[in-house]
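The structure presented is a predicted model; accordingly, all values stated were derived computationally and were not measured. Whatever order the structure lists them in is the order used to number ligands and atoms, beginning at 1.
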Amino acid sequence: MSEERSLNFIEEIIDNDLKEGKYDSIVTRFPPEPNGYLHLGHASSICLNFGLTQKFKGYTNLRFDDTNPSTEETEYVDNIKEDIKWLGFEWKNEFYASDYFDKLYAFATTLIKNNLAYVDDSTSDQIANGKGTPTQPGVNSAFRDRTVEENLALFADMKAGKYPDGAKVLRAKIDMASSNMLMRDPIIYRIKHAHHHRTGDNWCIYPMYDFAHGQSDSIENITHSICTLEFVPHRELYDWLIKQLNIYPSHQYEFARRNISYTVMSKRKLLQLVNEGIVDGWNDPRMPTISGLRRRGYTPESIRDFCDRIGIAKRENLVDIGLLEFCLREHLNKVAVRRMVVLDPLKVTITNFQEGTEILQSEDNPEAEVHTYHDIPFSKEIYIEREDFMEDAPKKFFRLAPGKMVRLKAAYIIQCDEVVKDEQGNITELKCTYFPDSRSGSDTSGIVVKGTLHWVSVAHAKEVEIRMYDRLFTEEHLDGAEGDFKDYINPHSLDIIAKAFAEPALADATITDRFQFLRKGYFCLDSNSTADKLIFNRTVTLKDTWAKEMKK
Ligand code: ATP
Ligand code: MG
């Protein structure tokens, strides 16, 4: 985690509220709409909301904002819960806005009784036209002066299912000349004959966002209701409704929505990628979703660290995805177990090595506090990476070349004596000799070499599939880019290496293990992996190579 930092503006507000004795403790909520999977923007909101109640006294509720019946699904609810838990947070209560439908209906009735809401039969076009413009006041609806009794009866009939979708709405009676367009008699209930994932067919009228959110906050005694900047103009309505209903005074605070370079963070757009088969589902390892990042091999620690470092802002800006990758490398370097995998093999025969196997010891993680080792078999035939050999090597090539020496990691120094080629002139094998007194850890050979290569024993290697991921988009600032965001899909975002060769210890890999494949990057087992076919995802490269690649 990052070093102590000063309080952000919301923390300052809370700190003051507590000092002034406005509250004894605070209550926040994370209110996802269950119409998609959580992404990095949500992670930022989760870390903020849960982080606040960890830092100050209090708790955080998980509230599913499920007031829109047509898009919400139980699958999303389950995945959202899994993602929050995986990120490392615990909610106090699991609530659903739909649990409040009765209360919200009663609140609406209260408004009607106080002559603060009316049933409007106008079409949606008529309502929109009547709203006026930011510079011109709206006009009162022809139905604005209905009596309380008439409104109560009509609203009850709306609830009873007497009218088709769109026939009537309930509007708050505020001010058609307000400078805030949202205060010009906003719609608070609409008719929608649709099945709801929790309430089934009990309801055919549903509250609008503005009439559900603040009221739900109030029902839960939320002290600080934090949302993104686009809700600033809604705050006046939020406060008005709470005041008119005389219910618990929750307060709304806004921070800037998080945008991250080279990716999109709108559920609507992410859903398009899923539906159009551009990615392999919501948890495709290239997706900016929590489940995608998890499958890719991200750790919760690295995501929390990232959210902590970017903090919160009052203005929208673009956060460099390189920072997320930096946080990831920082954490993986500490926790990832080192293993050797050859992606593109070149056979090396060690001519002076006896037949049979020698079991060597390879260190699991030089960064760990306790140094542990695992067995690695060495034998007469090994694979090295094809790119680690060059026939006509330049002076500064410290890998293998004819007549040159290198160290094999955790094993011996070898020297290349002969290059074997097929009829087409392709290199098929190298013949080398090894120095028996050069074993890592007990080297008395006195030979100094500059390069160390990773390798695997041919007889012991396990064939695995490797999936190399790159950014899903080629454009840094997708929101500002011309045309459709899908015009910027990176055609090379997935490169599958069907047959790579792993050291045998990787046969026991589990889904929560984190690996560094020496010199190749950080990897994890993919969730679609089976015992017969191990699949590894490249989580991130060892270094940031992206900037360089872009210049090619
Ligand atoms: P999307 O546009 O992706 O559908 P949303 O805001 O509609 O996002 P919700 O499920 O309504 O998604 O969001 C739950 C919470 O997460 C809200 O409080 C919202 O403000 C917050 N949130 C969503 N996206 C971001 C983001 N990019 N940055 C910060 N907070 C976000
Ligand atoms: Mg939303």
So, do F231 and Y209 have ring centers that fall under 6.0 Å from each other? yes
For H39, the ligand 1 atoms whose distance to one of its heavy atoms is below 4.0 Å: 3 (O), 24 (N)
Considering T228, N49, L271 one by one, which has a heavy atom nearer to atom 20 (O) of ligand 1 than any of the others? T228
For a 4.5 angstrom cut-off between non-hydrogen side-chain atoms, does W91 reach R29? no
Short N-O contact, R235 and D239, less than 4.0 angstrom: no
Taking 4.0 angstrom as the limit and counting only heavy atoms of P31, give me the atoms of ligand 1 inside it, by number and element. 14 (C), 18 (O)
Who are the side-chain contact (heavy atoms from CB on, under 4.5 Å) partners of Q136, not counting sequence neighbours? T133
Do Y238 and D217 get their side chains close enough for a donor-acceptor pair, meaning under 3.5 Å? yes
Just distances here: any N/O of H42 and N/O of ligand 1 closer than 3.5 Å? yes
Min N/O separation S44 to ligand 1 under 3.5 Å: no
For atom 27 (N) of ligand 1, state which one of E230, R258, K269 supplies the nearest heavy atom. R258
Can you check whether F95 reaches E220 side chain to side chain, under 4.5 Å on heavy atoms? yes
Neighbour count above 12 (heavy atom, 6.0 Å) for K103 NZ: no
Taking N or O atoms only and a 3.5 Å limit, does N35 qualify as a polar contact for ligand 1? no
So, R286 and D280, do they make that salt bridge, N to O below 4.0 Å? no
R268, E33, K267: member with heavy atom nearest to atom 12 (O) of ligand 1: K267
Would you say F231 contacts ligand 1, with heavy atoms under 4.0 Å as the rule? no
Using a 4.0 Å cutoff against the non-hydrogen atoms of S266, which atoms of ligand 1 qualify? 3 (O)
Ligand-side contact atoms (ligand 1) for residue partner M265, heavy atom cut-off under 4.0 Å: 3 (O)
